[in-house]
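Any value given below was found using the heavy atoms of this structure, including those in side chains, with hydrogens, waters and symmetry copies removed. Just so you know, ligand 1 is whichever comes first in the structure, and atom 1 is the first atom listed for that ligand.
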Amino acid sequence: MPESQLEQHLQTHFGFSHFRAGQKEIIEAVLKKRNVFAVLPTGTGKSICYQLPAMMLSGTVIVVSPLLSLMTDQVKQLKATGFKRVAALNSMLSYQEKEILLQQIDSYQLLYLSPEMLQSKRILSRLKSLKVSLFVVDEAHCISQWGHEFRPDYLRIKQAHQLLNNPPLLALTATATPDVQQDIMDTLQIPDVEKFIYPMDKPNISFVVEQVNQVKEKENKLAQIIRSYPVPTLIYFSSREEAARVATILQEKEHNRNVAYYHGGLDNQDRLLIQQQFMNKQLDVICCTNAFGMGINKKDIQLVIHYHFPSQIESFIQEIGRAGRDGQEAVSVILFHEYDHIIPQRLLDAELPDISVVKQMLQLIYNNDVSFNDLKEEFMLKVNGVEPHWRFFRYQLEKLKILEHEQFNITAFPFQDAFMILQETIEKRYRYKYNKLNEMLQWLYTTGCKRKALFSHFQDHIQKPTNMCCDYCDFQWENWYPAVEHSNNSNQDWQTSLKEILYQGD
Ligand SMILES: Nc1ncnc2c1ncn2[C@@H]1O[C@H](COP(=O)(O)OP(=O)(O)OP(=O)(O)O)[C@@H](O)[C@H]1O
Ligand SMILES: [Mg+2]
Ligand SMILES: [Zn+2]
């Protein structure tokens with residue numbers, strides 16, 4: 001396609017005159033029906049790489065997307081631009097809504113769905129009647145990050161892709177080390193893949209890591225920052241309780257800020273409402289868990305604070321990737337206490353089922369005296385109802401063909417071999433996860449440039465920062481003057497409180 005023609009489509013459908021780095025190459029490959037794997041930094045416009053083809057190709061583009069909020073947000077944004085032939089198939093739809101959508105499924109050019117939806121036989125059979133022009137796996141790192149533990153349906157995407165007769169595939173992510181890239185490709189088994197890997201560092205984000213000695217000190221530091229910088233802010237926590245607790249403290253103390261909390265325990269409606277209010281500037285500080293973030297496209301977030309750090313560098317990069325999407329300077333701050341690593345460690349330790357439970361369950365199967373449903377019941381009792389543990393165990397049994405169509409087959413492996421394989425799988429996963437956590441910890445204690453150390457996992461060179469780099473190189477709070485939008489007389493207050501924080505800091 002001649003250059004100007006593709007640009008014209010971009011202009012017509014999105015109102016942009018130029019492609020950003022990577023977009024055009026990726027779209028051209030997609031239009032040529034190549035299989036594509038692309039890594040582009042957070043917020044640089046991966047969505048357009050499938051949205052524009054969806055508008056140009058005949059047939060339907062299917063997008064597998066990990067989060068409800070993300071799908072809803074994208075459908076809404078596309079509809080607002082006048083593109084109506086888009087829908088999301090997800091668990092928020094009522095039975096009737098889903099039925100209607102499925103009946104008219106071939107009228108959509110772009111269809112978002114979760115990996116779980118993709119496992120439904122009914123949905124798959126409807127999808128099979130479509131001409132699928134492109135099969136997209138957005139946020140493809142989730143395959144590696146979540147698939148192995150609590151969303152094995154991520155590992156089953158390949159089966160669905162095959163059932164749909166292997167349409168051209170596009171896998172997109174912003175955060176994948178070379179190892180993770182390989183894991184994604186192995187899982188998706190993409191033949192003849194064309195790779196587009198772009199540097200992941202964002203020059204407009206500065207890095208600050210501050211160690212505190214007490215929890216109270218952490219709370220005070222946080223409050224000071226919130227008071228001094230009235231900019232759209234995300235604060236990440238590793239537990240729902242802590243997010244809610246600290247949000248309440250901030251609500252009580254910081255009357256000039258509109259604070260809310262957001263986590264996976266809230267119901268879908270509340271979550272969407274908070275997301276909308278944040279987008280519409282009715283809220284400007286969100287205390288959240290990692291349930292909030294990925295794919296959220298609010299352009300003017302200028303501050304991302306980690307009250308707790310995540311268990312791997314990829315998650316950290318995703319989370320700070322919410323900041324500075326409009327190109328304005330933004331700051332990432334981690335507040336940490338030397339014992340904070342205990343929190344992610346505990347979370348990791350609970351991610352997979354106990355090996356002794358796995359052994360007991362295998363024994364039940366191999367003694368031939370348990371039905372599928374009884375086994376599930378027994379298992380759930382043993383793991384205190386932790387559903388993801390069941391999903392993991394079930395997936396492993398299916399993978400080994402010990403379980404097929406809810407029937408056990410003990411001829412696939414002798415008991416001892418089956419147990420050894422499962423044990424090794426679990427141990428290997430733990431080793432992998434602990435290595436990831438260690439990388440994160442090493443970064444926190446880096447003595448050199450934080451930016452260089454952070455991105456060294458992904459690439460050899462980094463771009464020159466547009467503003468301050470990090471607290472090792474040149475960052476100083478007193479030199480950060482973020483543009484504050486709603487000044488409504490708060491300029492004075494802001495400067496006064498800035499003086500306050502500087503004074504206290506002395
Ligand atoms: N060529 C372009 N010119 C101007 N703006 C663009 C262009 N391409 C995308 N954008 C805008 O960039 C923003 C971010 O896009 P998008 O959400 O697709 O990013 P992303 O790479 O998917 O990010 P994430 O990693 O967070 O999912 C959107 O507001 C989009 O409209
Ligand atoms: Mg995206
Ligand atoms: Zn630096």
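Near I48, meaning under 4.0 Å from any of its heavy atoms, are these atoms of ligand 1: 8 (N), 9 (C). Atoms of ligand 1 lying under 4.0 Å from any heavy atom of F19, numbered from 1 in the order shown and given with element: 1 (N). Close approach to R322 involves these atoms of ligand 1, each under 4.0 Å from a residue heavy atom: 26 (O). Under a 4.0 Å criterion applied to the non-hydrogen atoms of H18, ligand 1 contributes the atoms 1 (N), 2 (C), 3 (N). Using a 4.0 Å cut-off to heavy atoms of S47, the atoms of ligand 1 that qualify are 16 (P), 17 (O), 18 (O), 22 (O). Atoms of ligand 1 found under 4.0 Å from any heavy atom of K299 (numbered from 1 in listed order, with element): 29 (O).
The aromatic rings of F458 and F455 sit tilted, their planes meeting at an angle between 30° and 60°. Below 30°, between 30° and 60°, or above 60°: for F207 and F316 the angle between ring planes is between 30° and 60°, a tilted geometry.
With a 4.0 Å cut-off on non-hydrogen atoms, Q318 does not touch ligand 1 at all. Heavy atoms of N297 found under 4.0 angstrom from ligand 1 belong exclusively to the side chain.
Ion pairing of D300 with R325 is absent here, as no side-chain N (NZ or NE/NH1/NH2) approaches a carboxylate O to less than 4.0 Å. Here D153 pairs with R156 in a salt bridge; the nearest charged N to carboxylate O distance falls below 4.0 Å.
Residue D340 is tested with H308, K218, H306 for a side chain to side chain donor-acceptor pair (under 3.5 Å); the sole match is K218. With T175 as the partner, the side chain to side chain donor-acceptor pair (under 3.5 Å) test is satisfied by one option alone out of E319, Q318, H457: Q318.
Not a single heavy atom of G321 sits less than 4.0 Å from an atom of ligand 1. Under a 4.0 Å heavy-atom criterion, E139 is in contact with ligand 1. At least one heavy atom of P41 sits closer than 4.0 Å to an atom of ligand 1.
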Can you give me every donor-acceptor pair (side chain of residues 462-471, partner residue at least two apart or in another chain, under 3.5 Å) with its distance?
residue	atom	partner	partner atom	Å
Q463	NE2	D201	O	3.2
Q463	NE2	D201	OD1	3.1
T466	OG1	P203	O	3.1
D471	OD1	K450	NZ	2.7
D471	OD2	V209	N	2.8

Extract all donor-acceptor atom pairs below 3.5 Å that involve side chains of residues 332-339 and protein atoms in other chains or at least two apart in sequence.
residue	atom	partner	partner atom	Å
H337	ND1	Y339	N	3.1
H337	NE2	N213	O	3.0

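With sequence neighbours excluded, no residue forms a salt bridge (charged side-chain N to carboxylate O under 4.0 Å, His left out) with K98.
In terms of polar-atom proximity, defined here as any N/O pair under 3.5 Å, G43 does make such a contact with ligand 1. Of the polar atoms of T42, none of the N or O atoms is found under 3.5 Å from an N or O of ligand 1, judged by distance alone.
Of all protein N, O or S atoms, those under 2.8 Å from the Zn ion (ligand 3) number 4.
Remark: the E314 side chain and the H141 side chain contain no N/O donor-acceptor pair separated by less than 3.5 Å. Side-chain polar atoms of Y307 and E242 form no donor-acceptor pair below 3.5 angstrom. Side-chain contact, D138 with Y50: a donor N or O sits under 3.5 Å from an acceptor N or O.
Aromatic rings of W477 and Y229 (six-membered ring for Trp) have centroids within the 6.0 Å cut-off, being under it.
The heavy atom nearest to atom 8 (N) of ligand 1, out of those in R20, Q23, Q74, is found in Q23.
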